[in-house]
> 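Provided herewith is a single structure, encoded as structure tokens, for subsequent inquiry.
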Amino acid sequence: MNYKLQSLRGVACVFVVYFHVVGTPLTGLQLPKDNFYAFLSDLFIYIRMPLFIFLSGYVYGYRRFSGDFKKYISGKSRRILIPFVVVSSVFLLIQTNTPGVNNPINFDIMTFFLYPYAHFWFLQSIFSIFVFYCIFDYLTKRENKKLLFLFLFSIPLFFVSGYFTDFFSFSRTLYLFPFFTFGILVNEYKLEEIKGNRLSLIIILFFSLLAINTFFLTNGSTINKVSLLAFLIGIIGSYTLLRIMFVSKFFIFIGAYSYSIYLYHVFGTAFSRIALHKIGVQSVDLHVFFGLFLGLFLPVVFHKITSRFSLPAILFLGVNPVVSKGKS
């Protein structure tokens with residue numbers, strides 16, 4: 001096991017859960033922009049999902065598609081699409097029927113599973129990316145020069161992603177695609193072996209970019225997520241964190257359940273927020289602490305219980321019970 005990689009997956013989980021705990025002025029804790037927790041969330045907003053998808057690409061680089069279309073697509077469908085349908089449906093029912101939730105929605109059942117909804121859009125995007133690479137790797141025989149060309153081609157698509165359709169989260173797939181591809185490139189070209197002055201320059205550049213973002217935030221400006229600054233923070237930041245990440249038993253544990261945490265963390269964060277409000281707790285510090293705690297660990301408990309039973313393991317986790325007795 002690559003313990004540094006698994007630790008970084010845990011960090012990526014914390015970034016995602018923290019964002020949904022704090023939320024925006026209209027969601028989550030609905031904090032003002034000048035609040036420290038909101039500032040911290042905005043500071044890392046351009047590394048949050050890019051890092052998550054970058055790590056998926058890096059891991060995919062270890063086991064790229066090699067030829068059995070039926071087995072591959074059925075496996076990804078079971079792992080991604082079944083939980084997507086089941087969990088998003090459960091979340092929708094809770095969101096539309098529970099007092100105290102943010103932004104209850106109206107929906108059209110005929111198109112509900114075809115367009116982005118809550119954080120489940122990521123499942124649509126990652127499934128599309130896996131299907132694309134299944135075809136791409138088969139046609140190109142996993143030739144790295146063509147992979148590099150694809151990465152370069154995907155960069156301009158990142159900047160115009162907002163102009164494309166949201167059908168099955170296609171525009172967001174274009175947004176994520178360069179980061180996933182970069183993860184494969186880092187793995188294939190062994191870029192994590194860069195050392196010395198070149199690595200130092202990359203690290204300095206990343207923190208310089210964060211400093212620029214800090215400057216904008218402290219002056220009340222928000223950078224567009226498809227801007228050059230956001231792209232560079234996502235690309236360089238993902239690589240930098242991969243290189244400077246330390247091994248942590250806590251983050252390794254969290255990272256081992258990363259998929260389940262992504263699926264179910266919002267149930268924990270929402271429960272924490274609503275429960276604390278019900279008993280009159282107004283402390284933002286306590287809301288952030290308990291939101292993070294329940295957002296990270298309730299999915300782990302749910303995974304451990306659900307993985308013991310055949311049908312729930314498939315429906316809610318997308319895995320066979322024998323496989324899921326370990327981790328995500």
Side-chain angles (χ1 to χ4, degrees), residues 9-24 26-31 37 41 48-49 52 79-107 112-113 115-127 169 250-251 253-279 281 284 286-309 311-319 321 324 327-328:
R9 290 176 73 179
V11 171
C13 285
V14 172
F15 280 159
V16 169
V17 176
Y18 178 80
F19 173 77
H20 285 113
V21 170
V22 174
T24 68
L26 297 176
T27 65
L29 295 178
Q30 300 180 333
L31 301 175
Y37 289 112
S41 178
R48 180 173 50 88
M49 293 312 296
F52 216 85
R79 182 67 165 143
I80 299 173
L81 293 186
I82 292 177
F84 162 67
V85 171
V86 173
V87 183
S88 62
S89 299
V90 172
F91 185 71
L92 175 68
L93 289 173
I94 293 175
Q95 189 178 36
T96 53
N97 291 283
T98 301
V101 300
N102 289 323
N103 299 328
I105 66 168
N106 296 317
F107 70 99
F112 175 68
F113 299 113
Y115 286 90
Y117 169 57
H119 64 296
F120 302 107
W121 66 265
F122 178 78
L123 303 183
Q124 296 174 323
S125 290
I126 193 65
F127 180 79
S169 298
F250 172 78
F251 287 124
F253 177 81
I254 295 300
Y257 294 93
S258 59
Y259 185 55
S260 296
I261 289 172
Y262 188 86
L263 282 174
Y264 295 104
H265 71 276
V266 290
F267 295 95
T269 59
F271 174 78
S272 172
R273 183 181 67 252
I274 294 171
L276 289 176
H277 280 314
K278 286 290 186 182
I279 61 175
V281 175
V284 176
L286 289 178
H287 272 279
V288 172
F289 173 79
F290 284 107
L292 267 174
F293 180 82
L294 293 179
L296 289 170
F297 291 104
L298 274 186
V300 174
V301 174
F302 180 78
H303 178 106
K304 286 180 173 293
I305 295 172
T306 306
S307 63
R308 299 176 182 177
F309 308 97
L311 186 58
I314 293 174
L315 293 178
F316 293 99
L317 302 174
V319 294
S324 65
K327 295 148 174 90
S328 294

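Side chains are part of it too, since the values below use all heavy atoms of this structure and drop only hydrogens, waters and symmetry mates.
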> Working to the nearest 0.5 Å, report the span between CZ of F302 and CD1 of I261.
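Taking CZ in F302 and CD1 in I261, the distance rounds to 13.5 Å.
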
> Do V87 and F267 have side-chain heavy atoms sitting under 4.5 Å apart?
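Touching, per the 4.5 Å side-chain cut-off.
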
> With sequence neighbours left out, what residues match F290 under side chain to side chain contact (heavy atoms under 4.5 Å, CB included)?
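Only S272, L276, L286 meet the side chain to side chain contact (heavy atoms under 4.5 Å, CB included) criterion with F290.
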
> Does a side-chain heavy-atom distance below 4.5 Å link L317 with S307?
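Yes; the side chains approach each other to less than 4.5 Å.
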
> Closest heavy-atom contact between S169 and P116?
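That would be OG-CG, 3.4 Å.
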
> Only one of Y257, F52, Y262 clears side-chain contact (heavy atoms from CB on, under 4.5 Å) with C13; which?
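Option passing the side-chain contact (heavy atoms from CB on, under 4.5 Å) with C13: F52.
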
> Could you walk me through whether V14 and F251 pass the side-chain contact (heavy atoms from CB on, under 4.5 Å) check?
CA-CA 9 Å; V14 172; F251 287 124; 3.8 Å; yes

> Measure across V319 and R79 and return the closest heavy-atom pair with its distance rounded to 0.1 Å.
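Between these two residues, the closest heavy atoms are CG1-NH1, 3.0 Å.
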
> To the nearest 0.5 Å, tell me how far I274 CD1 sits from I279 CD1.
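Nearest 0.5 Å value for the CD1-CD1 distance: 13.0 Å.
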
> If you take all heavy atoms of S88 and F113, which pair is closest and at what distance?
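That would be OG-CE2, 3.6 Å.
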
> What are the two closest heavy atoms between V266 and L263, and how far apart are they?
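Looking at all heavy atoms of both residues, the shortest contact is CG2-O, 4.4 Å.
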
> What residues form a side chain to side chain contact (heavy atoms under 4.5 Å, CB included) with I126, not counting sequence neighbours?
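By the side chain to side chain contact (heavy atoms under 4.5 Å, CB included) rule, I126 matches I53, S56, I80, F122, F130, F180.
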
> Answer yes or no: are there more than 12 heavy-atom neighbours, outside F293 itself, under 6.0 Å from its atom CZ?
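At most 12 heavy atoms, drawn from other residues, nucleotides or ligands, come within 6.0 Å of this atom.
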
> So does F271 have more than 12 non-hydrogen atoms from other groups sitting under 6.0 Å from CZ?
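For F271, atom CZ is not crowded (no more than 12 foreign heavy atoms under 6.0 Å).
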
> Extract all donor-acceptor atom pairs below 3.5 Å that involve side chains of residues 15-23 and protein atoms in other chains or at least two apart in sequence.
{"unit_1": "Y18", "atom_1": "OH", "unit_2": "Y37", "atom_2": "O", "d": "2.8"}
{"unit_1": "H20", "atom_1": "ND1", "unit_2": "V16", "atom_2": "O", "d": "3.2"}
{"unit_1": "H20", "atom_1": "ND1", "unit_2": "H265", "atom_2": "NE2", "d": "2.8"}

> Could you point out which residue of F91, Y115, F84 forms a ring pair (Phe, Tyr, Trp, His ring centres under 6.0 Å) with F120?
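Of the listed options, the one satisfying the test is F91.
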
> Are any of the side-chain heavy atoms of L123 and L81 separated by less than 4.5 Å?
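No, every pair of side-chain atoms sits at 4.5 Å or beyond.
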
> Report the distance from atom CZ of R308 to atom NE2 of H303, rounding to the nearest 0.5 Å.
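Result: 10.5 Å between the selected atoms.
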
